[in-house]
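The first residue in the sequence is number 1, and the count goes up from there. A quick note: this is a predicted structure, and the numbers were derived from the prediction, not measured.
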Amino acid sequence: MKKTEADYLKELVAFPTVSSDKKASLECAEFCNGFFSACGLYSKIIKSDGYPNVFASTTKTKAPKVLLQCHMDVVPAPDSLFTMTKKNGKLAGRGTFDMKFACASYMNLIERLGEDISKYDFGILLSFDEEIGGHNGVEAVLDKGYGAGICILPDSGKDWNLESSAHGAWFLKLSKTGKSAHASLPECGINSAEILTEAIAEVRTLGKKFAKSDLAISLTRIKSGEAMNQIPDYGEATLDIRFRSDDVRSRLKTGIEKICKKHGVKSETLVLAGCMNTDMDKPGVSEFIQAAEQVIGRTISRGHSLGTTDARYFCARRIPCIVIQPDGGGRHSVEEWVDEAGVKNLTEILLKFIVNYAII
């Protein structure tokens, strides 16, 4: 009896592939690599700084006509969430929606193609560090000369809304070194916490000068002080900044630099992810949309995302990237789920697209 997408997804969810767990990631990578190889694909594990990536293709090439991509790493979760459950058409558990369902669909697709798989030019890329930046995943693999004519990445665009563009992400660390003193004599110290919070407040005020659709600034972490009666001599904070264009980030960066100089605050970029823009006129894009509309039975809308995905790495190399996915919810929460019927539809869309577009 052939396995369904839900069967494959249950197996994949059982691997606790939290981004920091390289051992679990490698075990999952070896499982997937073995599956692809057994199905007749040329498959290999590509490592970067201990993080595995799996690249499989129907031909001996580093750049197939179509590349199906997804990340297999997940955010931390209670052990119970690594056992997938099924109820009322929803497949629930850590990674079901973000985004192991895609790999399960790819596996079912390969099984459906069977012996005909050699007739088509496509590949699969699985990465295991997207949640922490993707530098040892998609970026590293592309830097090694891998690529594609077009990439399909079902990591956003909920309920079949295609994302043709997306915000960039800038994780910025601000830190201030002061001078400790007893809290009863504040004039004898330099309060790093107070200075840092003043600088952060000015950064947030600066952000309000931009349109909400262009910029979002969130204070995500802040740390200072060791004792409740001591002036802290060091403080640091992390800002999660989402920007619509490079021009927006450039103008914001100039303003932040002035604020930091004013307060003697040090700034350090932790992660910088560029904006994503897909050229809708590139070969394969309209063909995919046509296949999707035939399966879904309605027009596929296009839009802009406030989030960011590994699509930015493909677009930076002029590889068009289709970002679209079925219905689901609870991303990064204990209520994460994906619509089982939607996953099946993804398989049907991919099957129709590859058979019509990726034939050798």
Problem - Check against side chain to side chain contact (heavy atoms under 4.5 Å, CB included), Leu109 and Ile354 - result: CA-CA 10 Å; Leu109 169 71; Ile354 286 175; 3.7 Å; yes
Practice task
Begin from the C-alpha positions of Asp7 and Thr4 and carry the test side-chain hydrogen bond (donor to acceptor under 3.5 Å, both in side chains) through to its verdict.
Solution key: CA-CA 5 Å; Asp7 293 327; Thr4 66; 3.2 Å; yes
Exercise for the section: Please assess Asp214 against Lys209 for the test salt bridge (charged side-chain N to carboxylate O under 4.0 Å, His left out), listing each intermediate value before the final yes or no. Expected result: CA-CA 10 Å; Asp214 287 344; Lys209 295 181 180 180; over 6 Å; no
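Inspection of the Glu163 and Ser156 side chains reveals an N or O donor paired with an N or O acceptor under 3.5 Å. No donor-acceptor contact under 3.5 angstrom links the side chains of Asp240 and Ser218, judged on distance only. Between Thr347 and Ser105, the side chains place a donor N or O and an acceptor N or O closer than 3.5 Å (distance only, hydrogens not considered). Checking His71 against Asp98 by side-chain atom types alone, a donor-acceptor pair falls below 3.5 Å.
The existence of a salt bridge linking Lys22 and Asp129 is excluded, since no basic side-chain nitrogen approaches an acidic carboxylate oxygen closer than 4.0 Å. Salt-bridge annotation for Lys352 and Glu348: absent, with no side-chain N of the basic residue lying under 4.0 Å from a carboxylate O of the acidic one. Between Glu257 and Lys261 there is no salt bridge, since none of the side-chain N atoms of the basic residue sits less than 4.0 Å from a carboxylate O of the acidic one. Ion pairing between Glu340 and Lys86 holds under the 4.0 Å rule for side-chain N and carboxylate O. We find that Glu236 and Lys223 are not joined by a salt bridge, their nearest charged nitrogen and carboxylate oxygen being 4.0 Å or further apart. At a threshold of 4.0 Å, the pair Asp327-Lys90 does not count as salt-bridged, since none of the basic side-chain nitrogens sits closer than that to a carboxylate oxygen.
Side chain of Lys65 to backbone of Tyr357: a donor-acceptor contact under 3.5 angstrom is found. Of the possible polar contacts, one joining the Asn53 side chain to the Ile46 backbone as a donor-acceptor pair under 3.5 Å is found. Here the side chain of Ser192 pairs a donor or acceptor atom with the backbone of Tyr234 at under 3.5 angstrom. Not one N or O on the side chain of Gln230 forms a donor-acceptor pair closer than 3.5 Å with the backbone of Gly225.
Remark: Leu91 CG to Leu9 CG distance equals 6.0 Å, nearest 0.5 Å.
For the pair Tyr42 and Thr59, the tightest heavy-atom approach, listed with the atom from each and the gap, is CD1-C, 3.6 Å.
Within a 6.0 Å sphere centred on CD of Glu115, other residues, nucleotides and ligands contribute 12 heavy atoms or fewer.
Note: Phe97 and Trp337 have parallel aromatic rings, judged against thresholds of 30 and 60 degrees for the angle between ring planes.
Lys44 forms no cation-pi arrangement with Phe55, by the criterion of a distance under 6.0 Å to the ring centre and an angle within 45° of the ring axis.
With Leu153 as reference, Thr309 is the one residue of Leu67, Thr309, Val138, Ile324 to meet the side chain to side chain contact (heavy atoms under 4.5 Å, CB included) rule. Checked options Glu131, Met99, Lys100; the residue passing with Val74 is Lys100 (criterion: side chain to side chain contact (heavy atoms under 4.5 Å, CB included)).
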